[in-house]
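Following: one structure in structure tokens, then a few remarks.
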Amino acid sequence: MSEPAVPPRSLAEALRARDDASLAVLLRSRPDLITPVPTDLTQLATRAGTRASVVRALERLDRFALQTAEALAVAPDPATYAELLGLMAGDDGDPAVEGALPHALRTLREQALVWGADDRLRLVRTARELLAPSPQHPSPTGLGPTVREAASGMSPGRIQEIVTAAGLPSTHDAVSALDALTELFSDRRRMSALLDEAPPESVEVLSRLVWGPPYGQVTADPAPRLRWLMDRGLLLPTAPGTVVLPREAALHLRGGRAHRATEPLPPPVEPAATHRPQVVDATAAGQAYTALATIEELLKDWHEGGPAVLRAGGLSVRDLKRTAVALDVPEPVAAFWVELAYAAGLVASDGEADERYAATPAYDEWLELPAAERWAALARAWLTATRTAGVVGGRDAKDRTLSALGPGLDRSAAPEVRHRVLTLLASLPEGTAPSAESVLARLRWERPLRGPQREDDLRGRLARWTLDEAERLGVTGRGALSSHGRALLGLPPATSAGTATDGAGPSATGPSADGPAGARRSAPAPEPTGPGDKLPVHHEHPRPAAPPEPLPPAEQAAAAATAARLLAPLLPEPLDHVLLQADLTAVAPGPLRRPLADTLGVLADVESKGGATVYRFTPGSVRRALDAGRTASDLHAFLAEHSRTPVPQPLAYLIDDVARRHGQLRVGAASAYVRCDDDAMLNEILADKRAAGLRLRRLAPTVLAAQSDPATLLEGLRAMGFAPAAESAEGDVLITRADAHRTPPRTAPEPVPDGPPAPDATLLAAAIRAIRAGDLASTAPRRTGGDTPAGGGGELLPRTTSAETLATMQAAVLTGEALWIGYVNAEGAASQRVIAPVRVEGGFVTAYDHTADEVRTYPLHRITGVAELADDQI
């Protein structure tokens, strides 16, 4: 007959009883525990109980799991499963809570926040300190201190008076008196009888305190309704003028419930509208095309060098406004496009002395990609970026304004929130747009805020921004996730019937719970096999699958390629023609091929955008083309080749007229001069009042001198309606093509991680192996003898003489026994190891190191001592 399992006495013992699969679940859910890898399980347990790690783990619990932890914080320590269930479901019970509680308790156990068997459930001490009620930090349960805690400062005489007034016999000491009072308040029948005697006014006072806060103010001479409660211990003084409702009394009034409302199941994501999937994809594709055009227009506006970089970094408010006007969008939207280009590595600071923003060389490479691949690059950058355009215009911790492209815009939770919002959209039937409020409610359940809920919480704002930005970028169409948006997440195509939902509403089940080939399916929770930490065996209600995690970088690239492949057929094909009209305009009925668009952008000005782009030819735009080196015949040939309509006569006349006058006036540097073979034209310029600011004077019949520089002189004459051309010192006409300004090669900004990254399977296996080996070395029993201490872990390193060390090593080579050694490496760091010596020669011992799980060679002079292990070890 096997001996009964000994319950664990500490979290370290509970972890020691777990199998490798259970440890892997813990380390995957709390990656900060293996950064760096602990030396043994005792150190792992210590790290799991630190305040920073526990706070981080609590912040990642869903609402019901957090409520379960809060209930354990006000339960006896240790508590039984029945006591916990009573606190969660109340005296009347709740089938939903009864079904969901085992899953919540399993989650807390997996994350090492709770340990112990069902009859001795213990919340980690740090978590209890964080969640237990106190005057400084009220509990979310609204409960106050226990009778014993509240009466800790009362005199024994006063305690006996309370016991007597409550109808209990006097006791010989205060401890037994408080025990009797606690027992009374915890007994439903006796407590009901006591409250039946209470005046209605006193019961009304209790009703105001029962759900919290449990504290109230009293005067030096309390009213009779308060005096009745205080005399019977239903209100206990905690400070002068302050009383509190004891926890046991509050639980009776609540019917045993720790929370006013438990939420065992996540709220469903409610549909707001349903569209045909084809309409959703077409709408999203149109938005995707607009996004590409907007980014190109932004970088074209910054082609010759963009706005200056502020001293503190980022764009000035004035430059952001100017960019918004150029893009014809509101300023917050302009900030989004600027930040998206920056996140994709298409724009950066040039690093010059007069620092400005400009396109990067990667922008030129991006322009050469097909349209769908360009969109996929933008969407992937948006999905993984931690920089958040939504906070632009806000204030940082030092009350400084946050500017676009400036510091302080990183929000590490942004990628996870974006991914989760899109995953919730993917859980709905195809073509269904969700209600924004239901999405926010679901996110608040999955990651609740500890303490009072705030309307402006960061995750809520990130979710709202995600819904807007996804629509703007073309990931969604009409509020529903598109087929290429689904592929961007690494999810398989939706079926015609939509994805599966659970009883609690849509969730990330079925296809949305997997990555490609099922690589990212959430692993089922392993059953611990060791004693004292087995999961409870209870009937569970079906639970939503765990949200899928974001794809690793290698799979992100594959998913983006799939999204581009799905989007490509939906984007319009670039055209090689325009429609010229007699009113000096050209209509592009769709996107134009790049050479045509670039040339037309120089020859004409964009008048309007939309499904069709309207270009207008003006004398200034034609002169711009001539300044760029084109001749009149080149322009006529270009228009005739690319127009589906005949070239209108007014447009031909405009080109010829501007070309005939172009270059008649020549402006050079001397500080500046104007020369023209037609002295009548020079007379006209001198007589024009608008030339007064140029301060011209005649040097010769065909030459005027100016006190302004050539660029100012050129602009002034063009404003007067002339078409001057700049010339070199040799008298040749200068071609003024716009030179593209590019930054040196720049990398896209790295996302700011939200804590340590989740470990992969290889790292997990290596970490668990190292922890197990280190735990073996620290806990293996040693044979007693000499100066070597005996017992489990925590001893000093063994100390033996060099001769004893050598002799023990040589004997172990012959017998094959394992030894416990102390070792000091070259950096002076001491450690203890369990080794099996194989060979001893030349001052070195070659041995299989159980701690490192490999064969190593150690210098004998660095071994501080050696001890034999007990016979039942290794």
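In what follows, every heavy atom counts, from backbone to side chain, and hydrogens, waters and symmetry copies are set aside. Keep in mind that what you see is a predicted model, and the values were worked out from it rather than measured.
In this structure, CG in L310 is found 10.0 Å from CG in L405, a value given to the nearest 0.5 Å. Atom CG of L298 sits about 8.5 Å away from atom OH of Y363, to the nearest 0.5 Å. The CG atom of D678 sits 8.5 Å away from atom CG of N683, with the distance rounded to the nearest 0.5 Å. Summarising the geometry, atom CH2 belonging to W375 is positioned 12.5 Å from atom CZ belonging to R380; distances are rounded to the nearest 0.5 Å. A distance of 4.5 Å separates CG in L409 from CZ in R387, rounded to the nearest 0.5 Å. Annotation: the span from D350 atom CG to R356 atom CZ amounts to 8.0 Å, rounded to 0.5 Å.
Under a 3.5 Å cut-off, the side chain of Y357 and the backbone N or O of G314 do form a donor-acceptor pair. Using modelled atom types, no side-chain atom of T476 and backbone atom of G474 make a donor-acceptor pair closer than 3.5 Å. For the pair R486 (side chain) and E430 (backbone), a donor-acceptor distance under 3.5 Å is absent. Under the 3.5 Å distance criterion, the side-chain polar atoms of H484 are left unmatched by any main-chain donor or acceptor of A372. At distances below 3.5 Å, not a single donor-acceptor pair connects side-chain atoms of Q581 with backbone N or O atoms of A586. Here the side chain of R742 pairs no donor or acceptor atom with the backbone of A359 at under 3.5 angstrom. Remark: the backbone N or O of S349 is paired with a side-chain donor or acceptor of R746 at under 3.5 angstrom. Using a distance-only test at 3.5 Å, with no hydrogens or angles considered, no donor-acceptor pair links the side chain of S482 to the main chain of A284. Judged by distance alone, with hydrogens and angles left aside, the side-chain atoms of S621 form a donor-acceptor pair with the main-chain N or O of T618 at under 3.5 Å.
The list of salt bridge (Lys or Arg N to Asp or Glu O under 4.0 Å) pairs with a residue in residues 401-414, not counting sequence neighbours, is empty.
Judged by the 6.0 Å and 45° rule, R472 forms a cation-pi pair with F336.
Within the 4.5 Å cutoff, no side-chain heavy atoms of V578 are placed close to those of T645. In this structure, the side chains of L367 and E296 come closer than 4.5 Å at one or more pairs of heavy atoms. By the 4.5 Å heavy-atom criterion applied to side chains, P619 and L654 are counted as neighbours. In this structure, T631 and L626 have side chains that are not in contact, with every pair of non-hydrogen atoms separated by 4.5 Å or more. Side-chain contact check for T360 versus W366: every heavy-atom pair is 4.5 Å or farther apart. Considering only heavy atoms from C-beta on, T294 stays 4.5 Å or farther from V329 through its side chain. Counting heavy atoms from C-beta on, the side chains of P724 and V674 never come closer than 4.5 Å. Inter-residue side-chain proximity for E684 and F722 is flagged as met; some heavy-atom pair is nearer than 4.5 Å.
Using a 4.0 Å cut-off between charged nitrogen and carboxylate oxygen, R624 and D627 do not count as a salt-bridge pair. Classification of K398 and D396 as a salt-bridged pair fails, no side-chain N sitting under 4.0 Å from a carboxylate O. Using a 4.0 Å cut-off between charged side-chain N and carboxylate O, R698 and D679 make no salt bridge.
The shortest non-hydrogen separation linking A312 to P407 is O-CD, 3.4 Å. Heavy atoms only, all atoms of each residue included: V622 and I655 are closest at CG1-CA, 4.1 Å. Minimum interatomic distance between A376 and A564 (heavy atoms only, all atoms of both residues): CB-CB, 4.0 Å. When all heavy atoms of V602 and A625 are compared, the pair lying nearest together is CG1-CA, 3.8 Å. T712 and L694 make their closest contact through O-CD2, 4.2 Å (heavy atoms, listed as atom of the first residue, atom of the second, distance). Nearest heavy-atom pair, A343 versus A385, reported as atom, atom and distance to 0.1 Å: CB-CB, 4.0 Å.
Considering T432, L467, L489 in turn, L467 is the only one that fulfils the side chain to side chain contact (heavy atoms under 4.5 Å, CB included) rule with L425.
Counting heavy-atom neighbours within 6.0 Å of D576 CG, excluding the residue itself, gives a total above 12.
Side-chain contact annotation: D281 with S483, donor-acceptor N/O pair under 3.5 Å present. The closest side-chain donor-acceptor pair between T401 and R395 falls under 3.5 angstrom.
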For W337 and I295: C-alpha separation, side-chain torsions, deciding distance, then whether side chain to side chain contact (heavy atoms under 4.5 Å, CB included) applies.
CA-CA 7 Å; W337 293 121; I295 292 294; 3.9 Å; yes
Could you go through the side chain to side chain contact (heavy atoms under 4.5 Å, CB included) check for L462 and R418 one step at a time?
CA-CA 8 Å; L462 287 172; R418 292 191 193 108; 5.8 Å; no
For R661 and D657: C-alpha separation, side-chain torsions, deciding distance, then whether salt bridge (Lys or Arg N to Asp or Glu O under 4.0 Å) applies.
CA-CA 6 Å; R661 295 184 295 114; D657 184 57; 3.6 Å; yes
Step by step, would you call V338 with W302 a side chain to side chain contact (heavy atoms under 4.5 Å, CB included)?
CA-CA 11 Å; V338 169; W302 294 3; 4.1 Å; yes
Could you check R623 against R718 for side chain to side chain contact (heavy atoms under 4.5 Å, CB included), going step by step and ending with a plain yes or no?
CA-CA 10 Å; R623 186 190 68 242; R718 286 170 179 169; 3.3 Å; yes
